[in-house]
Amino acid sequence: VQLQASGGGLVQAGDSLRLSCAASGRAVSDYAVGWSRQAPGKAREFLAAITPDGRTEYSDSVKGRFTISRDNAKNTVYLQTNNLNPADTGVYSCARHYNGEYDYLDGYNYWGQGTLVTVSS
């Protein structure tokens, strides 16, 4: 299974972006997928996860602003990010979940290169 994040860019505070996580090698609906981000100089932070049966989980920092979803036909998981602010700047990555709680970053496989989101004030 390989997951590739895309869709980042430079936006202004208050803007929205839809990030994509394209899967190959296995149907994305067969496993849970999570999103995380890493801001410059900071530790990686869990953002959201979606389970095979469609349940979702969010960190408190993005709950109500970000939405994770999945398109089985396109084998892609999305992260809709709304009302972005400069604190949301970072590299956003997706990964397959293997074990543990969904907000446990070590329970995921390789987070990959990710896609850079830069939010200007």
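Just so you know, these numbers come straight off a predicted model, no measurement behind them. Any value given below was found using the heavy atoms of this structure, including those in side chains, with hydrogens, waters and symmetry copies removed.
- Both Leu3 and Leu47 are part of a single hydrophobic cluster, where members link through side-chain heavy atoms under 4.5 Å apart.
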Open item on the list: For a side-chain contact (heavy atoms from CB on, under 4.5 Å) check, start with the C-alpha distance between Arg55 and Tyr102, then their side-chain angles and the critical distance, and finish with the verdict.
Closed with: CA-CA 11 Å; Arg55 289 183 297 113; Tyr102 291 114; 4.3 Å; yes

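- Counting heavy atoms from C-beta on, the side chains of Leu19 and Thr115 come closer than 4.5 Å.
- One N or O on the side chain of Ser120 and one on the backbone of Val11 form a donor-acceptor pair closer than 3.5 Å.
- Taking each heavy atom of Ala32 and Thr51 in turn, the nearest pair found is CB-CA, 4.0 Å.
- Between Ile68 and Trp35 there is a side-chain heavy-atom pair separated by less than 4.5 Å.
- Taking the side chain as every heavy atom from C-beta outward, Arg70 and Ser29 approach each other to under 4.5 Å.
- Side-chain atoms of Arg37 and Asp88, non-hydrogen and from C-beta on, do get closer than 4.5 Å to each other.
- A distance of 8.0 Å separates OG in Ser24 from CG in Asn75, rounded to the nearest 0.5 Å.
- Side chain of Thr81 to main chain of Leu17: a donor-acceptor pair is present (N/O by atom type, distance under 3.5 Å, no hydrogens or angles).
- In this structure, CG on Leu79 lies 10.5 Å from OG on Ser36, to the nearest 0.5 angstrom.
- Counting heavy atoms from C-beta outward, Trp111 and Arg96 have side chains that stay 4.5 Å or more apart.
- Each of Tyr58 and Leu105 belongs to its own hydrophobic cluster when Ile, Leu, Val, Met, Phe, Trp and Tyr are linked at side-chain heavy-atom distances under 4.5 angstrom.
- Tyr108 and Tyr98 are members of different hydrophobic clusters when ILVMFWY side chains are connected at heavy-atom separations under 4.5 Å.
- Going from atom CG of Leu10 over to atom CD of Gln12 covers 8.0 Å, rounded to the nearest 0.5 Å.
- From Arg18, atom CZ reaches atom OG of Ser6 across 9.5 Å, with rounding to the nearest 0.5 Å.
- Within the 4.5 Å cutoff, no side-chain heavy atoms of Val117 are placed close to those of Thr89.
- A distance of 6.0 Å or more separates the ring centres of Tyr31 and His97.
- When only modelled atom types and interatomic distance are considered, Ser16 and Asn82 share a side-chain donor-acceptor pair under 3.5 Å.
- Contact detail for Ala5 and Gly114: the closest heavy-atom pair is CB-CA, 4.2 Å.
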- [ ] Report the C-alpha separation of Tyr78 and Asp71 in whole Å, then their side-chain angles, then the decisive distance to 0.1 Å, and conclude whether the side-chain contact (heavy atoms from CB on, under 4.5 Å) test is met.
- [x] CA-CA 8 Å; Tyr78 300 100; Asp71 186 330; 3.7 Å; yes

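- Between Tyr92 and Phe66, the two ring planes are tilted [angle within 30° to 60°].
- Put simply, the side chain of Ser93 reaches to within 4.5 Å of the side chain of Arg44, judged on heavy atoms.
- At most 12 heavy atoms of other shown residues, nucleotides or ligands fall within 6.0 angstrom of atom CD in Gln2.
- Side-chain contact between Cys21 and Val33 is present, with heavy atoms from C-beta onward closer than 4.5 Å.
- Judged by distance alone, with hydrogens and angles left aside, the side-chain atoms of Asn83 form no donor-acceptor pair with the main-chain N or O of Arg65 at under 3.5 Å.
- A donor and an acceptor atom, one from each side chain of Glu45 and Ser61, are located under 3.5 Å apart.
- Asn99 places no side-chain N or O within 3.5 Å of a backbone atom of Gly107 that could act as its donor or acceptor partner.
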Open item on the list: Assess the residue pair Ile50 and Val77 against the criterion (side-chain contact (heavy atoms from CB on, under 4.5 Å)); give the C-alpha distance rounded to whole Å, side-chain angles, the decisive distance to 0.1 Å, and a yes or no.
Closed with: CA-CA 8 Å; Ile50 185 166; Val77 172; 4.1 Å; yes

